[in-house]
J.: 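So that we are looking at the same thing, I have put the structure below in structure tokens.
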Amino acid sequence: MTIRTRFAPSPTGYMHIGNLRTALYEYLIAKGNSDGKFILRIEDTDQKRYVEGATDIIYATLKRVGMNWDEGPDIGGKYGPYVQSERKEIYAEYAHKLVELGGAHYCFCSKEEADEEKDEEQNIKFEDPCKNIPLEEAKKRIEAGEPYVIRQTINKQGKSKYHDEVYGDIEIDYDELDEGVLLKSDGFPTYNFANVVDDHLMEISHVVRGNEYISSTPKYNLIYESFGWTPPHYVHVPPVMKDAQHKLSKRNGDASFQDLIAKGYLPEAIINYIALLGWNPGTDEEIFSLEELKERFSVERLNRSPAIFDIVKLTWMNGQYIRKLSEEEFYEMALPYIKKVITRDVDNKLLSKVLQLRVETLADIPSQIGFLEQVEDYSNDLYINKKMKTDGEISKQALGYAAAALEQTEEWNNDNLFAVLKHVAEEKGLKNGQIMYPVRIALSGKETTPGGATELAVILGKDESLKRLKNALLKLG
RNA sequence: GGUCCCAUCGUCUAAAGGUUAGGACACCACCCUUUCACGGUGGGAAUAUGGGUUCGAAUCCCGUUGGGAUCACCA
């Protein structure tokens, strides 16, 4: 059997993390199997919720993380069209067929009438009177132009049963199922119907979706049954939570994929992290590329309980990915962030190298390097450091020695600068820190900096470094 | 409310009847060190609860509690 999975988002806005994780699992199920196919289908049957540009975000996101689809709206495929609004006639045809087959019936009730009758608290369901209208009569009313919907007919008694690849055997009483609308009065299908028809027609072998569908799956199975179709394998996955009570949702402004990218997270790190939110390889390893995920993934190791999205751990993982980058790769990514705050001519290569060890997201960069552009006013108390054994007086002396020595230094690189200053320290009977520390403060005006004294000097260049040393000397009076 | 699902450190999770309940993030300490970081070493930290079953339960069964989902002409 060839495995075919589908990612079927509705274009209602941004790609959120839970959605992306579902897509990932669908992709991995298909691609862990060499000839599996990953299909993209757009579920836009609710015209009220359609958001312009949403499909482009879906395309861009999947491409960015490397989850390429084998069939979809943009590239076609032999099961198309892949946009549900373009399949309206197909659903209508099958819906009417389902009525003939006894799996559904025409209903002339308004939404208000149906709502009035039911009561969730008291567990009273809507008992559709239209079920009893003879088919011939219903057809006449439709021909006469009366608005109608097609509603699922559920007459079965007892328990429905199906197997879920994650949750095991699920049993739900047929009485619990309600006879939902399959084809709306505007002629569009509801999800409940469209997903069944499409999954069958597109020969989807594994349906992966949120576990909120667990209890409605028996209804879908009834439709498969009426048509004489074989239901797919079901893989229901637990939700990704924002905290113990709430799902991650775009409504609350929770992180979406594009938000994370904007905050300086790498796509590879995001994918790696969300893969582990509900799945694990069974070993202690946790850094995986998409390729490695393909090899390792298995539905058996999917979890049944919800997972809280922890930005702190993602941030750590992102740092791991940043450090794994080559110096050149990181330089390319860091440069735009560096340029945001630095207009001065500095050694960007060295700056980037020094930052690569220190940032966890690209967005950390600007706040760390502002002092390179301009030294903000700082207190001379900064020169007092117990551990380094410095105070204002020692710093003043040290800065004097350092400035004089550096003035004479031509070979302006880290190794040489360090050698020069170390030599000065020895000569003057100072500890290394007693010269390095004041120099670093003088160059930055900051207590902590990315890089040590000599690295900052190289990044700033000789002229600017000497200028800052002299200013500091003046400031120390 | 009916039904369904879930329950191991703060968080993500491992342990498919026998482990000193393991790892990772975070936190703390120490080491490395021209600050900070990176890296290294170590530490505290969990089986929700009550009953069974069993020689033995985090693991199987039942109850309780807690949480979530669902009961749309949304998906």
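Naming: A, B, ... by sequence-line order, numbering from 1 per chain. The analysis underlying the following values was restricted to heavy atoms, covering all of them including side chains, and did not include hydrogens, waters or symmetry mates.
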J.: Can you check the R358(A) CZ to rU35(B) P distance for me, whole Å?
T.: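 Rounded to the whole Å, the gap is 10 Å.
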
J.: Ring of F371(A), cation from K446(A) - is the NZ or CZ under 6.0 Å from the centre and inside 45° of the axis?
T.: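 Verdict for F371(A): no cation-pi partner in K446(A).
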
J.: For rA14(B) and N280(A) - does any side-chain N or O of the residue sit under 4.0 Å from the phosphate oxygens OP1/OP2?
T.: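 Answer is yes, contact under 4.0 Å.
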
J.: Let me know the distance between CD1 of I308(A) and C1' of rG67(B), rounded to the nearest Å.
T.: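 One finds 11 Å between C1' of rG67(B) and CD1 of I308(A), rounded.
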
J.: Nearest-Å distance, CG (L421(A)) to P (rU35(B))?
T.: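 To the nearest whole Å, that distance equals 14 Å.
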
J.: May I ask you to decide if the ring planes of Y162(A) and Y234(A) are parallel, tilted or perpendicular, using 30° and 60° as cut-offs?
T.: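 Aromatic pair Y162(A)/Y234(A) classed perpendicular.
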
J.: Out of rA24(B), rA15(B), rG1(B), which nucleotide sits closest to the side chain of N123(A)?
T.: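 Of rA24(B), rA15(B), rG1(B), rG1(B) is nearest to the side chain of N123(A).
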
J.: Taking any heavy-atom pair under 4.0 Å as a contact, classify Q245(A): base, sugar-phosphate, or nothing.
T.: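 Counting heavy atoms under 4.0 Å across all strands, the contact made by Q245(A) is with sugar-phosphate only.
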
J.: In the structure shown, which nucleotide is the Watson-Crick or G-U wobble counterpart of rA24(B), with both distances under 3.5 Å?
T.: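 Pairing partner: rU11(B).
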
J.: Need the pair for rA37(B). Rule: Watson-Crick or G-U wobble, both distances under 3.5 Å, any strand; none if unpaired.
T.: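 Checking every strand shown, rA37(B) finds no partner, since no pair has both distances under 3.5 Å.
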
J.: Find the partner of rG50(B): check Watson-Crick (N1-N3 plus N6-O4 or O6-N4) and G-U wobble (N1-O2, O6-N3) distances, both under 3.5 Å, and reply none if neither fits.
T.: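 Base-paired to rC62(B).
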
J.: Rounded to whole Å, how long is the line connecting atom NE2 of H236(A) with atom C1' of rC4(B)?
T.: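 Going from H236(A) (NE2) to rC4(B) (C1'), I get 12 Å.
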
J.: Could you identify the nucleotide paired to rA16(B), looking across every strand shown and requiring Watson-Crick or G-U wobble geometry with both distances under 3.5 Å?
T.: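 Base-paired to nothing in any strand shown.
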
J.: Counting any heavy atom closer than 4.0 Å, what does M388(A) reach on the DNA or RNA strands: base, sugar-phosphate only, or nothing?
T.: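 Since only primed, P, OP1 and OP2 atoms lie under 4.0 Å of M388(A), the category is sugar-phosphate.
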
J.: So, is K161(A) close to the rC4(B) phosphate, meaning a side-chain N or O under 4.0 Å from OP1 or OP2?
T.: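 So the side-chain polar atoms of K161(A) never come under 4.0 Å of the phosphate oxygens OP1 or OP2 of rC4(B).
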
J.: Let's test this: given Watson-Crick or G-U wobble pairing with both distances under 3.5 Å, identify the partner of rG1(B).
T.: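 Checking every strand shown, rG1(B) finds its partner in rC71(B), with both distances under 3.5 Å.
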
J.: Distance criterion of 3.5 Å, no angle test: do you see the side chain of K247(A) paired donor-to-acceptor with the base of rA69(B)?
T.: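 By the distance-only test, no, there is no pair.
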
J.: Atom NZ of K125(A) and atom C1' of rU3(B): how far apart are they, to the nearest Å?
T.: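 Rounded to whole Å, this separation is 8 Å.
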
J.: Could you check whether Y213(A) and Y191(A) have their ring centres less than 6.0 Å apart?
T.: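 Centroid distance Y191(A)-Y213(A): below 6.0 Å, so yes.
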
J.: Pick base, sugar-phosphate or nothing for Q320(A), based on heavy-atom distances below 4.0 Å to the nucleic acid.
T.: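 Contact class for Q320(A): sugar-phosphate only.
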
J.: Should R209(A) be listed as having a side-chain N or O under 4.0 Å from OP1 or OP2 of rA69(B)?
T.: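 Indeed not, no polar side-chain atom of R209(A) lies that close.
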
J.: Rounded to whole angstrom units, what separation is found between the CG atom of D243(A) and the P atom of rG66(B)?
T.: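 That distance rounds to 18 Å.
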
J.: Within the 4.0 Å heavy-atom criterion, would you say T190(A) contacts the bases, only the backbone, or no part of the nucleic acid?
T.: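 Sugar-phosphate only.
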
J.: Is the charged tip of K88(A) near the ring of F188(A): under 6.0 Å from the six-membered ring centre and within 45° of its axis?
T.: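 Yes, a cation-pi geometry.
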
J.: Quiz question: going by heavy-atom distance under 3.5 Å, is there a donor-acceptor pair between the base of rA69(B) and the side chain of Y213(A)?
T.: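 Side chain to base: no pair below 3.5 Å.
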
J.: So, is the end of the K387(A) side chain (NZ or CZ) under 6.0 Å from the ring centre of Y437(A) and within 45° of the ring's axis?
T.: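 Judged by the rule, K387(A) and Y437(A) form no cation-pi pair.
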
J.: Distance to the ring centre below 6.0 angstrom and angle to the axis at most 45 degrees; does that hold for K324(A) and Y321(A)?
T.: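 Yes, K324(A) lies over the aromatic ring of Y321(A).
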
J.: Please state how far atom CZ in F309(A) lies from atom P in rG68(B), giving the value in whole angstrom units.
T.: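 Atom CZ in F309(A) sits about 21 Å away from atom P in rG68(B).
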
J.: Mind listing the N/O atom pairs, protein and nucleotides 57-64 of chain B, below 3.5 Å?
T.:
none

J.: Rounded to the nearest Å, what distance is computed from the NZ atom of residue K111(A) to the C1' atom of nucleotide rC74(B)?
T.: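 Spelled out: NZ on K111(A) to C1' on rC74(B) is 10 Å.
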
J.: Please walk me through it: do R87(A) and L201(A) pass side-chain contact (heavy atoms from CB on, under 4.5 Å)?
T.: CA-CA 11 Å; R87(A) 300 170 65 80; L201(A) 260 24; 3.7 Å; yes

J.: Does the structure place the NZ or CZ of R141(A) under 6.0 Å from the centre of the six-membered ring of F108(A), at an angle of no more than 45° from the ring's axis?
T.: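 Yes, cation above the ring, under 6.0 Å and within 45°.
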
J.: Taking for each residue the nucleotide of RNA chain B bearing the nearest heavy atom, is the 5' side occupied by G282(A) or by E360(A)?
T.: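 That would be G282(A).
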
